[in-house]
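Structure first, commentary second.
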Amino acid sequence: MMELRIKNISKTYGKSKKALCNVDISLTPGIYGLLGPNGSGKSTLMNIITDNLKADRGCVYYDGDPISKLGSKYREKIGYMPQQQEIYDNFTGEEFLWYMAALKGLEKKYAKNKIDNLLKVVNLTSEKNKKIGSYSGGMKQRILIAQALLNDPDILIMDEPTAGLDPVTSVEINSLINEVQERYNTSSIIITHDLTCAKA
């Protein structure tokens with residue numbers, strides 16, 4: 001079973017602004033909520049987990065190996081869903097997934113099967129030829145979840161997946177997150193200030 005070990009991570013900005021202090025957690029496949037207000041260190045921790053930021057102290061391990069030594073092999077195990085919804089409005093949903101598959105270096109045949117399958121998973125097959133600019137907020141969140149899954153990640157990071165959505169759509173996205181975790185057996189980390197989303 002995959003394990004992401006975050007061991008005694010600390011990070012300080014400048015001389016005195018402590019963002020993280022001795023964070024020590026272990027993540028295996030499941031859904032985790034990283035809950036806190038703005039400025040509480042959520043983004044700092046996620047940047048350290050994704051190897052985009054170095055901690056002052058401590059280390060992150062993927063299956064027992066320091067991520068700093070694994071490099072790109074580790075980053076290939078991560079899927080990231082950003083909070084920002086203003087994404088490539090002139091692309092259709094399918095074009096966007098093809099574009100992201102190319103950026104991730106997926107082979108064409110594999111990408112086609114993966115894209116077709118993910119469109120079904122996020123219930124956007126009938127909307128795949130529509131421009132993303134015409135999508136509702138929930139549809140945009142679903143296409144962002146789909147692109148995060150293109151590379152079959154072990155670690156799925158979702159930044160405020162229900163931000164700005166109405167209650168009914170938020171419930172639908174939370175249900176999709178549960179379905180995705182069960183289907184792909186990921187360690188799904190939800191970054192949020194919304195307690196309802198953290199209980200997904």
Side-chain angles (χ1 to χ4, degrees), residues 1-4 27-33 46 49-51 62-63 70 72-166 168-192 197 200:
M1 181 183 292
M2 187 280 299
E3 181 186 33
L4 184 68
L27 306 180
T28 53
I31 298 176
Y32 302 87
M46 286 304 100
I49 288 175
T50 55
D51 201 28
Y62 174 80
D63 279 347
L70 293 173
S72 62
K73 290 183 179 179
Y74 167 71
R75 289 187 288 275
E76 289 171 357
K77 302 291 185 179
I78 297 174
Y80 179 69
M81 175 197 171
Q83 178 181 359
Q84 180 63 40
Q85 287 197 9
E86 298 302 322
I87 49 163
Y88 305 100
D89 281 351
N90 290 323
F91 281 22
T92 67
E94 187 175 35
E95 287 171 343
F96 173 63
L97 292 181
W98 273 109
Y99 176 69
M100 295 305 297
L103 289 181
K104 296 183 181 189
L106 303 185
E107 294 182 0
K108 189 173 181 179
K109 184 177 180 180
Y110 175 84
K112 184 182 187 312
N113 291 332
K114 192 69 178 177
I115 288 169
D116 289 345
N117 180 63
L118 286 172
L119 284 167
K120 292 176 183 176
V121 170
V122 300
N123 196 27
L124 285 175
T125 300
S126 63
E127 314 290 341
K128 68 179 183 179
N129 294 319
K130 293 183 179 180
K131 301 288 187 180
I132 290 178
S134 72
Y135 279 13
S136 67
M139 291 165 66
K140 288 181 178 180
Q141 297 298 70
R142 284 187 270 148
I143 202 71
L144 285 172
I145 290 173
Q147 65 79 30
L149 292 167
L150 281 167
N151 56 317
D152 290 320
D154 287 338
I155 302 160
L156 178 61
I157 298 172
M158 291 168 282
D159 193 354
E160 299 284 4
T162 60
L165 302 180
D166 62 78
V168 172
T169 306
S170 293
V171 170
E172 291 174 354
I173 294 298
N174 286 338
S175 295
L176 176 58
I177 290 170
N178 278 287
E179 179 185 343
V180 163
Q181 195 283 320
E182 291 176 4
R183 182 185 293 260
Y184 297 101
N185 199 34
T186 60
S187 290
S188 299
I189 305 171
I190 301 172
I191 308 168
T192 185
C197 183

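All residue numbers refer to positions in the sequence shown, counting from 1. Fair warning: this is a prediction, and the values are worked out from it, not measured in the lab.
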[atom2] on [Y] to [atom1] on [X], rounded to 0.5 Å:
| X | Y | atom1 | atom2 | answer |
| --- | --- | --- | --- | --- |
| Gln141 | Ser170 | CD | OG | 9.0 Å |
| Ile189 | Met158 | CD1 | CE | 8.5 Å |
| Leu118 | Ile145 | CG | CD1 | 11.0 Å |
| Glu160 | Met81 | CD | CE | 10.0 Å |
| Asp152 | Thr186 | CG | OG1 | 10.5 Å |
| Asp51 | Ile78 | CG | CD1 | 7.5 Å |

Just so I know, are the side chains of [X] and [Y] near enough to count as touching, which here means a heavy-atom distance under 4.5 Å?
| X | Y | answer |
| --- | --- | --- |
| Leu97 | Met100 | no |
| Leu176 | Asn178 | no |
| Asn185 | Pro29 | yes |
| Leu27 | Glu3 | no |
| Met46 | Ile49 | yes |
| Leu4 | Ser187 | no |
| Asn129 | Glu94 | yes |

Qualifying salt bridge (Lys or Arg N to Asp or Glu O under 4.0 Å) pairs with a residue from residues 101-112, counting only residues at least two apart or across chains: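 Output for this query lists Lys112-Asp116.
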Step-by-step side-chain contact (heavy atoms from CB on, under 4.5 Å) determination, Ile173 to Val171: CA-CA 5 Å; Ile173 294 298; Val171 170; over 6 Å; no
Residues, nucleotides or ligands: over 12 heavy atoms within 6.0 Å of Lys114 NZ: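 Yes - once you tally the heavy atoms of other residues, nucleotides and ligands closer than 6.0 Å, there are more than 12.
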Atom OH of Tyr110 with >12 non-hydrogen neighbours under 6.0 angstrom: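 Yes.
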Got a donor-acceptor contact below 3.5 angstrom from the [X] side chain to the [Y] backbone?
| X | Y | answer |
| --- | --- | --- |
| Glu95 | Thr92 | yes |
| Gln147 | Tyr80 | yes |
| Tyr184 | Leu156 | no |
| Lys131 | Asn90 | yes |
| Gln181 | Ile31 | no |
| Arg142 | Asn123 | yes |

Identify the two heavy atoms, one from [X] and one from [Y], that lie closest to each other, and give their separation to 0.1 Å.
| X | Y | value |
| --- | --- | --- |
| Ile132 | Lys140 | O-CE, 3.4 Å |
| Ala148 | Pro153 | O-CG, 3.4 Å |
| Tyr135 | Ile143 | CE2-CB, 4.4 Å |
| Thr28 | Tyr32 | O-OH, 2.9 Å |

Aromatic ring pairing Tyr88/Phe96, orientation class (parallel under 30°, perpendicular over 60°, tilted between):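 Aromatic pair Tyr88/Phe96 classed tilted.
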With Asp154 via salt bridge (charged side-chain N to carboxylate O under 4.0 Å, His left out) - residues at least two apart: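 Once residues adjacent in sequence are excluded, Asp154 has no partner under the salt bridge (charged side-chain N to carboxylate O under 4.0 Å, His left out) criterion.
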Residue pair Lys73, Tyr62: steps toward the side-chain contact (heavy atoms from CB on, under 4.5 Å) verdict: CA-CA 10 Å; Lys73 290 183 179 179; Tyr62 174 80; over 6 Å; no
Thr169 versus Asp166, side-chain donor and acceptor atoms under 3.5 Å: yes
Residue pair Thr192, Asp159: steps toward the side-chain contact (heavy atoms from CB on, under 4.5 Å) verdict: CA-CA 7 Å; Thr192 185; Asp159 193 354; over 6 Å; no
